[in-house]
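Model, not experiment: these values are computed from the prediction.
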Amino acid sequence: MSESFITGLAESTRRFVAITGLLAALAGVAILVWPGHAWKAITVVLAIYAIIAGIVYVVVAAMGRSLGTGGRIGHGLLGLLYIVAGCVAFGQLSQTAGFLAIFIAVMIGVMWVMEGFVALFVVSTEGSSAWTIIFAIISILAGLSLVSSPVWGAVFLWWLLGLSLVVLGLLNAFRAILSKPTA
């Protein structure tokens, strides 16, 4: 490969990182300034995805000659379920957004609790038992706090996501803008 090609590729990559960093920072600002609207926007994207996926499943059910009867029925029913879920999400946007926020908070809380217990189970095989135990205790407590108060947990996680996107997005953009292209 020529040196000019590599330089051009490095410059394109640097621009891409700068642009995506700025977009991430803008998304973070949107989350912090308009948290409800941002959740609704994510819900709209998921609803559109569900409807498109549903249509694809229905088409596969109707056109998939290699599928058996059970496969075609299954794909058709799954497609209809996706379409109904997407339509319900559009019809009940605020409620769906709230449900998704609480569901994600509970899911993360359960995963943190499980991760903490798994860490306790392998504590004897880890190199640093004290750090593993500290990690396990914090993970279990953080998970239990999310599960026991999922609304506050969802709000906290949403704000943390917004702040992280702003800080990390700007850092990535500045790093890309201020870096010198290498060949």
Side-chain angles (χ1 to χ4, degrees), residues 16-62 64 67 70-121 135-173:
F16 177 77
V17 169
I19 290 168
T20 56
L22 291 174
L23 289 174
L26 290 173
V29 169
I31 287 171
L32 295 172
V33 175
W34 304 290
H37 293 297
W39 259 116
K40 287 179 186 175
I42 289 172
T43 304
V44 165
V45 170
L46 290 173
I48 290 169
Y49 169 80
I51 291 170
I52 291 171
I55 292 169
V56 169
Y57 273 110
V58 168
V59 169
V60 167
L67 293 174
R72 292 177 82 171
I73 291 171
H75 277 78
L77 290 175
L78 185 59
L80 292 175
L81 181 64
Y82 270 106
I83 292 169
V84 168
C87 290
V88 168
F90 273 125
Q92 305 289 327
L93 202 54
S94 293
Q95 293 86 345
T96 304
F99 171 79
L100 284 174
I102 292 171
F103 176 77
I104 289 170
V106 170
M107 185 178 68
I108 290 171
V110 169
M111 289 189 304
W112 283 352
V113 169
M114 292 175 67
E115 187 176 25
F117 281 113
V118 168
L120 288 176
F121 290 136
F135 168 81
I137 291 169
I138 291 172
S139 183
I140 292 168
L141 292 175
L144 289 174
S145 70
L146 278 178
V147 171
S148 67
S149 182
V151 173
W152 286 108
V155 170
F156 172 76
L157 290 174
W158 196 236
W159 280 90
L160 182 63
L161 174 65
L163 288 171
S164 298
L165 284 172
V166 169
V167 171
L168 296 175
L170 288 176
L171 286 174
N172 222 10

List the atom pairs, donor and acceptor, that lie under 3.5 Å between side-chain atoms in residues 26-42 and the rest of the protein, sequence neighbours left out.
from	atom 1	to	atom 2	distance (Å)
Lys40	NZ	Ser94	OG	3.2

Next on the checklist: I need the minimum non-hydrogen distance between Gly169 and Ala24, along with the two atoms involved.
Outcome noted: CA-CB, 4.1 Å
Checklist outcome for this item: Hits for side-chain contact (heavy atoms from CB on, under 4.5 Å) against Val106, two or more places apart or cross-chain, chain-then-number order -> Ile102, Val110, Pro150
Item to check | side-chain contact (heavy atoms from CB on, under 4.5 Å) involving Val59 - partner list, sequence neighbours excluded | outcome: Ile55, Met63
Checklist outcome for this item: Hits for side-chain contact (heavy atoms from CB on, under 4.5 Å) against Phe99, two or more places apart or cross-chain, chain-then-number order -> Phe103
Item to check | Pairs involving residues 142-169, ordered by first then second residue, that meet side-chain hydrogen bond (donor to acceptor under 3.5 Å, both in side chains) (sequence neighbours left out) | outcome: none
Item to check | Heavy-atom closest pair, residues Ala173 and Ala18 | outcome: CB-O, 3.6 Å
Next on the checklist: The criterion is ring pair (Phe, Tyr, Trp, His ring centres under 6.0 Å); which residues satisfy it with Tyr57, sequence neighbours excluded?
Outcome noted: His75, Tyr82
Item to check | Arg72 side-chain N/O to Leu67 backbone N/O, donor-acceptor pair under 3.5 Å | outcome: no
Next on the checklist: Assess the residue pair Ile140 and Leu120 against the criterion (side chain to side chain contact (heavy atoms under 4.5 Å, CB included)); give the C-alpha distance rounded to whole Å, side-chain angles, the decisive distance to 0.1 Å, and a yes or no.
Outcome noted: CA-CA 10 Å; Ile140 292 168; Leu120 288 176; 3.9 Å; yes
Checklist entry - How many angstroms lie between atom CE of Met107 and atom CH2 of Trp112, to the nearest 0.5 angstrom? => result 11.5 Å
Checklist outcome for this item: In short, Gly116 meets Ala136 closest at the heavy-atom pair O-CB, 3.2 Å
Checklist entry - Donor-acceptor pair, Ser139 side chain versus Glu115 backbone, under 3.5 Å? => result no
Checklist entry - What's the spacing between Ile73 CD1 and Leu78 CG if we round to 0.5 Å? => result 13.5 Å
